[in-house]
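Sequential numbering from 1 along the given sequence is applied to the chain's residues.
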Amino acid sequence: MIDFIAHNLAPIMFTTVMLMLLLGYPVAFTLAAGGLIYFAFGVELSAISPEIRLFWPLLQSHPDRIYGIMYNDTLLSIPFFTLMGLILERSRMAEDLLDTIGQLFGPIRGGLAYAVILVGALLGATTGVVAASVMAMGLISLPIMLRYNYNRPLVAGTIAASGTLAQIVPPSLVLIVMADQLGRSVGDMYVGALYPALLIISAYCLYIFVITMIKPQWAPALPLEARTLGGGVTSLFVMLVISVALYFLGHEVLFTGIASPEWRLVSALAFGVFSIYLIALANQKLNLNIISRLAQQVIIVLIPPLALIFLVLGTIFLGIATPTEGGAMGAAGAIIMAAMKGRMSMATMKHALDATTKLSAFVMMILIGARVFGLTFYGINGNVWIEDLLTALPGGEYGFLIVVTIIVFILGCFIDFFEIAFIMVPLLAPVADKLGIDLVWFGVILGINLQTSFLTPPFGFSLFYLRSIAPAGKWKDKVTGKTMDGMKTLDIYKGVFPYIIIQFLAIMVVFAFPGLVMRYKGDAPTINPADVQIEVPGFGQGGGMTLPPLGSDGNGAPNFGLPPLGGANGNGAQAPAMGLPPLNLGGPQPAPAPAPAAPAANPATDLSQPPVIR
């Protein structure tokens, strides 16, 4: 029995720790306790199994490993992005966006659903926190959509799924953690995830469009009396054309003196966007009536968060800032934006800082527990066990990806994405790398998979967030005064099912078309090793590497004080060969030199007498 445990300690440890996590024990303490307990077992069993490489002094490495976590610059961006998202949530940016975009799409069927999806994408690109996105949109849009007789499962599914876009839309916290655990650049991960994120957003909108075609009564247009901003789409289109024209004016005429193409692009964009923003502000403050109310509201509400997104993502994509610097600028920009709207107070700042500190400490404790767990698991060859288990799967890299997708999806139903990223990804990444799988592609697939697990009944976290704010019983609409039925849990489960299918289809598309992610590599020219030719110039044939022979060349060239190697000197005499045989270069060989005469014997030296100085 002891021999069996000693030779199978890795699977026993992994199974035990996963079971404790699924039972609900705190993640950080479960990982740390499992690592320390099995470390003690491993030290005692190391004499039985040669696979166990643990000894007590190895525990002294933990302080340095924990300090390495504290010193990680990549993880520093997590509190910055969290603070930015919480500030924007408290400044009621989501409320303004939902109201304005809902009015913009109100005249078409499913307009409120489109608004929820687009606002979910914008919130994901600014907050990066699923809980904040789901709860903010649920509190604001759910009563409005129910008021205008939207289908309840459609309402619940759209809100829950749109909130999970924060998992994959940059600057997602999931992508930051994935980049850190996979050893890849956060910027590469953001660029790689951009097209898959746009694909998922488009698929959500396509699903709403299909619903409006098949079941138009499930997603009606806003009634005329609810369109408080009136018409004015033409005015908005004209302002968009003016902004594009100003951009080209700035890029081709005004800012041609800027040497850097990145800063020239940024300056031209800022000139075009902020020009129409100032026009809208002047129209609002001075009652100029040169643009419609709808265009004015859309410009004033949309441009600040879009500018914030560009401040964060645009500077990262253009190589102007690192992700940590982009997160810091985003947090500062969110504070400034909230202050400009008059919604920044000490209470708001205190709440945001408290929540940011708690989340950062939560992540740090999980990382410390994962480091303790990892030291023991690697010391008992757990990584070799995982690698042998996964590389033996049929189907090569695609077989590996399918199995990992299923495993991560199941785990995502029970534990948070932080735990999966800190426990599973370090074990899976070496296997993926050995199979030749691009790790950025692998990280994006895992990110979409974790987004899907947020929606899966009965343990999907987005379902819990929506359930916590959706009315369970009858409630009274404050606008119409009507008493309306609550949202059933079954309605939520039914509503997310189509979006789960969409997510799986998105994973399959990314499987089939890796180029959606591989664009992060840019357009660098590829080199075929078969076309590479290396030419070494010959010595002594006129090439640039011709060296003088070691010795006289017969024309009086200096020999640097060295005799020729077994050859004749300039006078035709045979030089000493320095104990080496002559080099057989073909042709007649010179006659061997006569042996030198033996030197005269020195008289014996009497070491008992002092030396004589002559």
Once you round to the nearest 0.5 Å, how far does [atom1] of [X] lie from [atom2] of [Y]?
X    : Y    : atom1 : atom2 : result
S453 : L446 : OG    : CG    : 10.5 Å
L142 : M135 : CG    : CE    : 12.5 Å
L428 : L390 : CG    : CG    : 6.5 Å
M70  : L367 : CE    : CG    : 9.5 Å

Are any side-chain N or O atoms of [X] and backbone N or O atoms of [Y], one a donor and one an acceptor, separated by less than 3.5 Å?
X    : Y    : answer
T212 : F209 : yes
Y38  : I380 : no
T356 : L353 : no
N381 : V384 : no
R152 : G495 : no
E325 : T322 : yes
R65  : I368 : no
W385 : L9   : no

Do [X] and [Y] make a side-chain contact, defined as non-hydrogen atoms from C-beta onward lying under 4.5 Å apart?
X    : Y    : value
W441 : V444 : no
F442 : M178 : no
P196 : I448 : yes
V177 : V425 : no

Report task. Flag yes if more than 12 heavy atoms outside F511 fall under 6.0 Å of its CZ atom; otherwise flag no. Result ->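 Above 12, so yes.
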Query raised in the report: Does atom CZ of F362 have more than 12 heavy-atom neighbours, drawn from other residues, nucleotides or ligands, at distances under 6.0 Å?
Result: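 It does: F362 CZ has more than 12 such atoms within range.
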Report task. Answer yes if the side chains of Y204 and T158 hold a donor-acceptor pair under 3.5 Å, and no otherwise. Result ->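 No, because no side-chain N or O of Y204 sits under 3.5 Å from a partner of the opposite role on T158.
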Requested in this report: Begin from the C-alpha positions of L182 and V440 and carry the test side chain to side chain contact (heavy atoms under 4.5 Å, CB included) through to its verdict.
Outcome: CA-CA 8 Å; L182 292 171; V440 173; over 6 Å; no
Query raised in the report: Between I159 and M137, which heavy-atom pair has the shortest distance, and what is it?
Result: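 Closest approach of I159 to M137: O-CE, 3.9 Å.
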